[in-house]
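Residue numbering restarts at 1 for every chain, and letters A, B, ... go by the order of the sequence lines.
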Amino acid sequence: MRKGRYLLKRLIYIIFVFFIISILMFTIYKALPGDPVKMMMGDNVKPEVYQQQYDIIREQLGLDDPIPVQYIKWITNMLRGDFGYSTEYRRPVKDVIGVPMRNTVLLNLFSMIIVFAVAVPLGITTAVRKNSIFDKFIQVITIVGYSVPSFVIALLAIYLFAIRIPLFPISGVKTAGFEGTGMAAFLDSAKHMILPVLVMSVGGIGSITRYVRASMIDALRMDYIKTARSKGLREKVVIYVHAFRNALVPVVTVTTWWLIGLFGGSVVIESIFLWDGLGKMMITGLSQRDFAVVLAMQMFYVILSLVGNVLMDIAYTLVDPRVRLEN
Amino acid sequence: MKKKKLLSMFLVAAMTVSLAACGGGGDDTVTNNSDDNSGDNSGSDVQDVAGTEAINESVSGTEAAGGAPAGDRPDTPSGQIVIGSMTDLEDDFYDTNYTVTATNYKTYNIIHGYDTVVTTKEGEWITDPTVVADIQQAENEDGTKTFTITLNDGLVWTDGTNVTAKDYVFATLLESSPEMMGVDNYSGTNYTQIDGWDAFSSGETKNLKGMRLIDDKTFSLTVSAEELPYHYDLAYAGVRPRPLAVIAPGCDIVDSEEGASISGDFTTDVLLETIGNTDTGYRYNPQVTCGPYRLESYDASSRQGTFVVNELYAGNYEGMKPMIEKVIIKTVTAETEINELKAGTVDLLFEISGGESIEAGLDLVDAGVAQKHTYFRNGYGLIRFDCSQFPTDSEKVRQAIALCLDRNEFAKKYSGGYASIVHGDYGLAQWEYQEAKDWIDQNLNTYEKDIEAAKTLLAEDGWTLNADGSEYSGEGLRYKDVNGELKPLEIQWCNTKDNPVSELLSTMLPEAMKEAGMDLKATTVDFPTLSAAIDHQGETIYNMYNLATGFSLQHSPWYYYGMDEKYMGGGYNSSWIKDEALASAAEALKTIPLEDTEQWLEKWKELQVVWNQKLPVVPLYSDEYHDFYSNKLQGWDTTSIWDWSQALLHAWVTE
């Protein structure tokens, strides 16, 4: 009952925050200097008819309305699933963001799998073997991993694995002119994905390994670990059942943000590897004052963040029974 | 401690290797003009940037590692090339009214064709003899002019049906109609010159008065009197056909005394399906076209387009047909484009800019891995003044600023030695420049850096006071008495971020201007903000901007220096200059007949002299573009007015 009331309150909170942020975002973007209609028209229109065309397009896009009216129209349409009209691509936003979103999610999903598959065992192992040579070596590597800028790692990876040893393509999503389908198409795409996924994973592995290590070290210091060991439990059971479970709470936080981040594109990675994703789309949208695209993406991230927080709270209760969902 | 040292060394080594190895650091483009958004370049063997002399001997040139003579050109299409483009290819294949990206712009040329009027490789306007059997021009009593055009036989669409006069008339009606403007805000301004366009485009009439369908092979186009006389009037007869049966199925072209009209179910809803359907619409997936290539496929996730040769294509104005069977366009990035060429994942990189990228490409040429072709850009990077804003409303202040910059040194530093400078309102690929090179060198002020001369100009302009109103001491900021108010000589400069031109100007200009008694105040913004400022949207603050421009083949200075409000902003008179002498000099060109090149050149020179004195703009550099391409590509010959989409028709590949 308490849980239900808590979730209801959180839902009301989410709706309230969503509307406040939507007003703020809309107002901020509308206040930015730069004219989307002018960006849309380019310089190709003869001056004799420029103003006439300009006025027609402005009216068609509803940009002549007062800002509050524009907001109400925009938010109403958005709640109906109509995310607006892209002035850059001259088509509905929903027709524009589908492919980049798929590319971004694909890249981030594989990256996340690799990060957690490597970082969690590595974090546990380094915690268990704290201060050993292995632990120190991994610590150095992980510091390098998350402190070196991703564009440097990307260029280094391209140089090593695409130029010096040409195992992977330099950039792109598919081979130019490739006509295969099914498994062949998947393999071609996978080949192009390996380098960007690896580069994206380096930073994540570095930070999450250290995160898991720190949590595990704290957990391994607890009295219940000593109790478990004194009961004669096997070390694996002590580590994975008793210690790791208690170390999970901070890991859940990180995992939730990674899940939310699945939909957030990396401008650097996408630009260097020419992986057409949401990060690049966001930058293009901003530079072209394509507010419908930018606002749709921003609000999507707002919803993800708000819902993600609730999911995180629920996840805490699952990994730690002491946590209760209540005010 | 040792571990820390090792770690530091590793990091430094890693960064150095990665940055050096991946070639071509890639200068950011400073070209924000849509005419020239493909990049900004410089380079070649020409290291001298001292002036126009540098380019006299080398307007374009090819140094091939494996070039083959033209006689080896095959007579059937074969092979493929992958073209690497710095801008994405969008799935938008109609025309510039939808998408103006440089790459899409070029694909319009390769999939659409049979324009009645084209420009030659030399930039001359002609009727396309492959398309037009006959063109008659008649000047009417009411001041209008009628072009009657008869088409050749043998022009067919890719589906094998004939291209008829109806398709040409349909194109003008379609692209002027209010129905079409309802399809994703199409800016239907392709045919504004046609008599009766206003009434037709507003929906007032169903007939376009100036278009007549005479028979299946003949149509006429009447240009309204307001548009005449006009130097490029032949361009007004230019029509690109659209397939009536595909875009308006069941409709027909009906001719009457009131002009041509479209009969049948011609509505925005129909067009939204035949043009706007994202899977099958003509905008996204045009399958019935008539250019040298046809669209085979577009992959949205990789933004790659594949084009195959149109076997039914009758040829360009020279009768040339493409001999490269397949063309694939993919995006490349400045950081890795040269590596892509080396790896063989692209075959052609065009309009390469920046010293680092050019040097990396030249290394491939030296190694025999690639070939190169160079040509000068038909435009330049520039400082644009706002001539409506105090104190740059004074030509002497503008001239003084120009005298504070060593433009030769600037061009050299910016381009790594691969650029030239110009002194007027012209591009290096324009025929007028080619004809008047010597005259330009003798008659235009080159504004060599001369701070003493700048000081003299400022003194002549009344900047002779100190902050306290006393006579200028010779040091510090100058002031001027303007209607009893002391005003400082402050220049507000708006520039864009991450822009190497801005950065270089920041190091070369402020000190020199300070020495002359000026204060340069810089503000860095993003491009849309700069663009809005140029257009005077919001408060007008700035005196100067740095950006770039390109000259089209229909260069119309009467727009750019016209004093009417309609020319201000909108990409035309962006300097907001209202100068009688300049406007008159520009306007004088407008009415000169196209064939009277002698008179045109004389008036053009007069314009350059006035422009050079009024100086609404300071040209900074004009780059030399480099095309780098694989050894399998033969017969490659581009210029800045004959781009890759046109050069493709002369080229072939040897596998």
Side-chain angles (χ1 to χ4, degrees), chain A residues 32-35 38-51 53-54 56-57 60-61 85 89-91 95 99 102-103 136 140 143-144 147-148 152-159 162-164 166 169-177 179 189 192 271-272 274 276 286-289, chain B residues 3 7 10-11 14-15 17-19 21-22 33-35 80 82 88 90 92 96-100 181 184-185 187 189 192 278 299-304 306 326 328 330-333 335-336 339-340 342-343 345-346 525-529 531-533 535 537-538 559 562 566-567 570-572:
Chain A
L32 281 178
D35 185 345
K38 182 176 159 42
M39 305 293 285
M40 190 176 172
M41 289 176 69
D43 295 340
N44 294 321
V45 182
K46 285 172 68 174
E48 287 81 0
V49 292
Y50 187 91
Q51 193 60 42
Q53 290 295 310
Y54 180 89
I56 290 171
I57 294 175
Q60 284 176 345
L61 294 175
Y85 186 80
Y89 300 96
R90 295 199 184 207
R91 66 187 82 166
D95 292 344
V99 170
R102 195 187 64 202
N103 282 345
K136 287 175 179 170
V140 170
I143 286 173
V144 172
S147 55
V148 177
V152 173
I153 299 173
L155 292 174
L156 193 59
I158 289 172
Y159 175 65
I163 296 169
R164 295 294 296 179
I170 293 169
S171 67
V173 176
K174 65 175 264 194
T175 303
E179 290 171 353
S189 187
H192 283 78
S271 298
I272 292 179
L274 294 171
D276 187 33
L286 280 170
S287 67
Q288 293 297 318
R289 297 294 188 261
Chain B
K3 279 177 189 168
L7 180 62
F10 174 77
L11 283 171
M15 286 186 209
V17 167
S18 64
L19 289 172
C22 288
N33 187 298
S34 65
D35 289 343
Q80 73 168 34
V82 179
D88 285 336
E90 306 292 346
D92 211 324
T96 53
N97 288 293
Y98 283 127
T99 296
V100 292
M181 290 178 209
D184 290 319
N185 302 296
S187 310
T189 56
T192 52
T278 50
D299 183 77
S301 69
S302 59
R303 296 190 188 258
Q304 280 178 26
T306 302
K326 186 180 279 190
I328 298 160
K330 65 167 278 186
T331 313
V332 292
T333 179
E335 286 82 2
T336 55
N339 293 313
E340 296 247 23
K342 188 179 178 185
T345 47
V346 298
V525 299
D526 65 356
F527 183 68
T529 306
S531 176
D535 284 351
Q537 291 173 2
Y559 290 150
K566 69 185 172 216
Y567 301 126
Y572 290 96

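Interatomic distance, B:N185 CG to A:R91 CZ, rounded to the nearest 0.5 Å: 13.0 Å. Rounding to the nearest 0.5 Å gives a distance of 8.5 Å between OG1 of B:T336 and CD1 of A:I272. For the atom pair B:T331 OG1 and A:L274 CG, the distance stands at 6.0 Å (nearest 0.5 Å). If you take OG1 on B:T96 and CE on A:M41, they are separated by 11.5 Å, rounding to the nearest 0.5 Å.
Residues that satisfy the side-chain hydrogen bond (donor to acceptor under 3.5 Å, both in side chains) test with A:K174, not counting sequence neighbours, are absent from this structure. In this view, B:Y559 and B:Y567, B:Y572 satisfy the ring-ring contact (aromatic ring centres under 6.0 Å, His included) rule, not counting sequence neighbours.
For chain A, the option among B:V346, B:V525, B:T345, B:D299 with the highest count of heavy-atom pairs below 4.5 Å is B:D299. Contact count versus chain B (heavy atoms, under 4.5 Å) is highest, among A:H192, A:Q60, A:M39, for A:Q60. For the set B:D88, B:T306, B:V82, the entry with the most heavy-atom pairs within less than 4.5 Å of chain A is B:D88. Of the residues considered (B:A343, B:A532, B:P528, B:S302), B:P528 shows the highest number of contacts with chain A, using heavy-atom pairs under 4.5 Å. Residue with the most contacts toward chain B among A:G34, A:A176, A:A162: A:A176 (heavy-atom pairs, distance under 4.5 Å).
Only the backbone of A:S287 comes within contact range of chain B, with heavy atoms under 4.5 Å apart. A:L61 touches chain B through its side chain: at least one heavy atom from C-beta onward sits under 4.5 Å away, while N, CA, C and O do not. Only the side chain of A:D95 comes within contact range of chain B, with heavy atoms under 4.5 Å apart. Looking at B:E340, both its backbone and its side chain come within 4.5 Å of chain A, counting heavy atoms on both sides. When heavy atoms are compared at a cutoff of 4.5 Å, B:D526 approaches chain A solely by way of its side chain, counted from C-beta outward. Using a 4.5 Å cut-off between heavy atoms, B:K330 touches chain A through its side chain atoms alone. Heavy atoms closer than 4.5 Å to chain B are found in the side chain of A:R102, but not in its backbone. With a threshold of 4.5 angstrom between heavy atoms, A:Q51 does not approach chain B through any atom at all. Proximity to chain A involves both the backbone and the side chain of B:A300, based on heavy atoms less than 4.5 angstrom apart. Heavy atoms of A:S271 lying under 4.5 Å from chain B belong exclusively to its backbone. In this structure, the portion of B:T278 lying under 4.5 Å from any heavy atom of chain A is its side chain and not its backbone. With a 4.5 angstrom heavy-atom cutoff, B:K326 touches chain A only via side-chain atoms.
One side chain, B:D184 or A:Y85, offers a donor N or O that lies under 3.5 Å from an acceptor on the other.
Of all heavy-atom pairs spanning A:D276 and B:S301, the tightest one is CB-O, 3.6 Å. Residues A:I57 and B:S187 share a closest heavy-atom pair of CD1-OG, 3.8 Å.
Electrostatic pairing of B:D92 and A:R90 does not count as a salt bridge here, judged by no charged N lying under 4.0 Å from a carboxylate O.
Residues A:R289 and B:T529 have side chains in contact (heavy-atom distance under 4.5 Å, counting atoms from C-beta outward).
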